[in-house]
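Written out below as C-alpha cells is the structure these notes cover.
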Amino acid sequence: MEIKGTELFVKALKEEGVETLFAYPGGMAIDLFDALYGQRDIEVILPRHEQALIHAADGYARSTGKAGVCLVTSGPGATNLVTGIATANYDSVPLVCFTGQVPATLIGNDAFQEVDIVGITRSICKYAVTVRKREDLGEIIKKAFYIAKSGRPGPVVIDLPKDIQQAYGSGNYPEEIMIRGYKPNTGVHEGQIKKALEALNKAEKPVFLIGGGVNIAGAGEELTRLAEVTGVPVITTIMGKGAISTCHPLYVGNIGMHGNYASNHAISECDLLFSIGVRFNDRITGKISEFAPDATIIHVDIDPASISKNISVNIPIVADAKLAIESLQKNAKPLNIKKWVSAIMKWKKDFPIHMDSRPGMTPEMIIRKINELFPSSIVTTDVGQNQLWTTQYLELNENRQMLTSGGLGTMGYGFPAAIGAKIGNPEKTVICISGDGGIQMNIQEMATAAALELPIIICILNNGYLGNVRQWQEMFFDKRYSSTCLRYRKSCQKNCNNPGKACPPYIPDFIKLAESYGAKGIRITKTEEIEEAFKMADANKSGPTIIEFMIEREANVLPIVPGGNALNDMIMEW
Amino acid sequence: MEKSMDTLKKRWICLFVENEIGVLARISGLFSSKSYNIDSLTVGETEDNSISRMTISLTSDDRTFEQIKKQLNRSVEVIKVVDYTDIPIHKKELLFIKVNKCSSSDMEEIFRIAEVFTITVSDYDKNTVLLECVHTETKNNDIIKLLEKSFPNRIEAVRGGSVAIESISMSER
C-alpha cells in the first residue's frame, strides 16, 4: 500500500524508537505536524525558539544516549538551528534534524522561506542531504539515524521538500542500511594495544588523559578499573570529567586553561601520556611546542582525523574507547610508580582550586552545596565563568552528570539543555547553572518549562557582567570593560570599571520574570541562604524555579593559563 | 611535541565519491574551511554513473596532507581516497591555447613548435591559431611559458586540470 511521505516520516520515527520530538511548526512543515497530530507514541515538545529547540534535543541526547530529534520549518526555522548543529558537532552529539523545505520544483527560485540549509550546514554537521525523490525517503531517514549514532556521533540534517512530504510512495522502512562511503571503525588493532601496553609498562611517570570520547562510549567503569589495576593517575578534559569519579583517589583534576595545578604540571612532566577520546584543542594544550615535551604519546580515538591533528602521536589507536580500554585491561598490570603518584597528589593537596570567600558568597559555595544536596542529578551549564566554576567544583560520578557546550562554547545552551535533560530523565534532579548573560539568550524557554511543568532548578550566578570577558579585560586589557556590563544604562558614564552601590538596578528583575511565567523565583545574597533556597527549589515539583545568586561582581576564575602560555605557566592568584 | 617542519611537496589524490548534488561543494568546502589550498581539481562520472571520480592536486607538507586524507575519508559521500603521490600513474591535462594576431612567419613558428611538442593544431584562420595540448601539468606549464615568451600578450590559455589513473606496468610513469 502506498502512503504519504509524512506518514512514512512518522513510521520511521517509531521504528527508530523516537519517543520525544523537539519541534516547531511552520508553512513547510505543516504537513508533517498534521501527521504527528494525535500520535500517542511520540511526545512532541514545542519550545519557544528553534535555537533552544535544538539545544533541548542536544541535552536530551547527551543525558539519555539516544539520538535527539528535531523538526522545524524551512528558511528561518532551519537557520535558527545552525548554532545548535555546530554545538552538537563539536561535542559529538547524535542529532537528527528535519527541516521543511519549499517544494523541490521551487528550490532555487528564491521562494518564500527558502534557504539552502544543506549548503549552510555542510561544514558543521556529519551529514546533510535534501530528499529529492519520494522513493529515497525511507532509506535517507534510516541512513541519517545510523550516521548520527555510529562512529563518532554527530548531527545530521535532512531537508524535506513539501512535495516529497505530500507524495505517495512505498511505506517500507528499511531495517538495515549499507553506506559504501561510511564504515565506522568497530574493531581494535591488537598490535597497537600491545605496543601501547609495552610503553605504559616501561613508563616511570605515566598519566591517563581522558576526554569526552570515554563518556560518549560509556566506558567510565572500564576506565576506572584500568586505572585501579595499573595505578596510573587520571586527568580529564572538561568533556571527560566524570568518566572516573572525581572523588576517586587516582583522580587528579581537569587539564587546560582553567585546570588545576597538579593536572597541568603532571602533563608537563609526564614521560607517557596515555590519551583516550580527546581532541587536543588549544584550550587543553596551551602552547603546542611545550605540551608534554618529554612524553611518549598514545592516543585512542574513534575518529582517525582527531589523531595527530594538533599533537604528533607516537602510538595511534583508532578504536571505540570502550573496546580499547577493555582490551587494554586484559593485559594491564600494576606499575611501580608510587613516587610519581604521590608527587602529583601532593601538588593536588598543596595547590587546590579554591575561591577567596572573604567578600561573601562565592560560586564555589553554591556548587559545593549542589554536591552535598543532589547526589543523583544532571547539571547543565551555560558558557563563561558559570561554566568554568562548575567544571572546577562540581563532583561527578556515575550518578551525577554534567552537560556543557565544551567545543563551541555556546551561550544560551544551558537552560534549554536542562529542559531536554529533564524530559529525558524525569526521575532525576536537573539543575541549570547559568550566568545573567547566558540565561537571557534563551530566557523565553521559561514558557516551555512552565507549560510542561518541568521542575528544573535554574541557578543564575548574577554578577551583572559578561563575566568571563570582563575577567580577560581586567587581566589582559587594562581593566577596560568594553561592552561587558549588563547593568549599564543610558544614565551611566560611558566608560566605567568601578562597579558599586551606585550602579542601576539589574534588568530584568528575574524574580518578577519567573513569577510572570507562573514559576518560582528566589533571590539569594548571603551564604547562609544557599541551602534553604535549594531546598525550596527542590520542593517545588510543579514547575521551574529560578534562584538568582547575587555573587561578587568581579570574581575571577582561577587559576588561568593565559592564551599562548605553556600549560604549566599558570596564573594562580590575582 | 614540536610541529614537524616538513617541506612542501606536490601531491596527487584520486577520490571516488557519490555522484550526487552538493558533493563537489562538500569536498571543495572541506578544503576551504580547513585552509587547505587546491592546485587543481577535476571531476567526472565514472563507468558507474552513481560514482564520480576526482583528481585533486595540491601542494602541502606531510602532516597537513595526512590530515587532508583523513578529513576526506571521513566524509560520508567519499567512497575511497587513493594517494597517487608516490605510485606510478598516468596523468594528463588538456590545455587550449589561442595565439592571436599572427603574421605568416608567426604561423610557421607555431606549426613548428606544435610538431616538436606534440601539440595538435585544432583550428586556425588568417591570423589566429588554436592549439590543443594534452600533456602533464608540468609540460603544459612549459608550453604556456614558451608561447608567452614568443608571442607576448597575444595568447589566451584555458586548462582543465589533470586527470590521473594508475599505471598498468609498474615501470611506466
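Quick note on labels: first sequence line is chain A, next is B, and so on, each numbered from 1.
Looking at A/D303, only its side chain comes within 4.5 Å of chain B, counting heavy atoms on both sides. If you measure heavy-atom distances from B/S32 to chain A, you find no contacts under 4.5 Å at all. In this structure, the portion of B/V78 lying under 4.5 Å from any heavy atom of chain A is its backbone and not its side chain. For chain A, no part of B/E66 is nearby; none of its heavy atoms comes within less than 4.5 Å.
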Exercise. When you look at A/R122 and B/S75, which way does the side chain to side chain contact (heavy atoms under 4.5 Å, CB included) test go after all the steps?
Worked result: CA-CA 10 Å; A/R122 203 169 269 137; B/S75 299; over 6 Å; no

For this session: Go through the steps to decide whether B/E77 and A/Y127 satisfy the test side chain to side chain contact (heavy atoms under 4.5 Å, CB included), and finish with yes or no.
Result: CA-CA 9 Å; B/E77 296 91 339; A/Y127 183 60; 3.5 Å; yes

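Summarising the local packing, OH of A/Y90 is surrounded by 12 or fewer heavy atoms from other residues, nucleotides or ligands at distances under 6.0 Å. Within a 6.0 Å sphere centred on CD of A/E139, other residues, nucleotides and ligands contribute 12 heavy atoms or fewer. Few gaps surround CD on A/E135; more than 12 heavy atoms of other groups in view lie less than 6.0 Å from it. More than 12 heavy atoms of other residues, nucleotides or ligands lie within 6.0 Å of NZ in B/K139, so this atom counts as buried by the packing criterion. The environment of A/K133 atom NZ is sparse: at most 12 non-hydrogen atoms of other residues, nucleotides or ligands sit within 6.0 angstrom. Summarising the local packing, CZ of B/F111 is surrounded by more than 12 heavy atoms from other residues, nucleotides or ligands at distances under 6.0 Å. Atom CD of A/E204 is surrounded by 12 or fewer heavy atoms from other residues, nucleotides or ligands within 6.0 Å. Atom NZ of A/K195 is surrounded by 12 or fewer heavy atoms from other residues, nucleotides or ligands within 6.0 Å.
Contact count against chain A (heavy-atom pairs under 4.5 Å) is highest for B/A25 among B/S33, B/A25, B/G29. Ranked by heavy-atom pairs under 4.5 Å with chain B, the first of A/K143, A/K183, A/R132 is A/R132.
By the 4.5 Å heavy-atom criterion applied to side chains, B/K34 and A/S123 are not counted as neighbours.
Looking at B/K80, its side chain never comes within 3.5 Å of a backbone N or O of A/G181 through a donor-acceptor pair. Between the side chain of B/Q71 and the main chain of A/A305, no donor-acceptor pair closer than 3.5 Å is present.
Side-chain contact check for B/R63 and A/S312: at least one donor-acceptor pair (N or O, by modelled atom type) lies under 3.5 Å. Side chain to side chain, A/S306 and B/R74 fail the donor-acceptor criterion of an N or O pair below 3.5 Å.
In terms of the side-chain contact (heavy atoms from CB on, under 4.5 Å) criterion, residue partners of A/T105 (sequence neighbours excluded) are, by chain and number, A/P103, A/D163.
Looking at every heavy atom in both residues, A/I307 comes nearest to B/K70 through O-NZ, 2.6 Å.
The side chain to side chain contact (heavy atoms under 4.5 Å, CB included) test with B/V76 is passed by exactly one of A/I179, A/V156, A/V129: A/I179.
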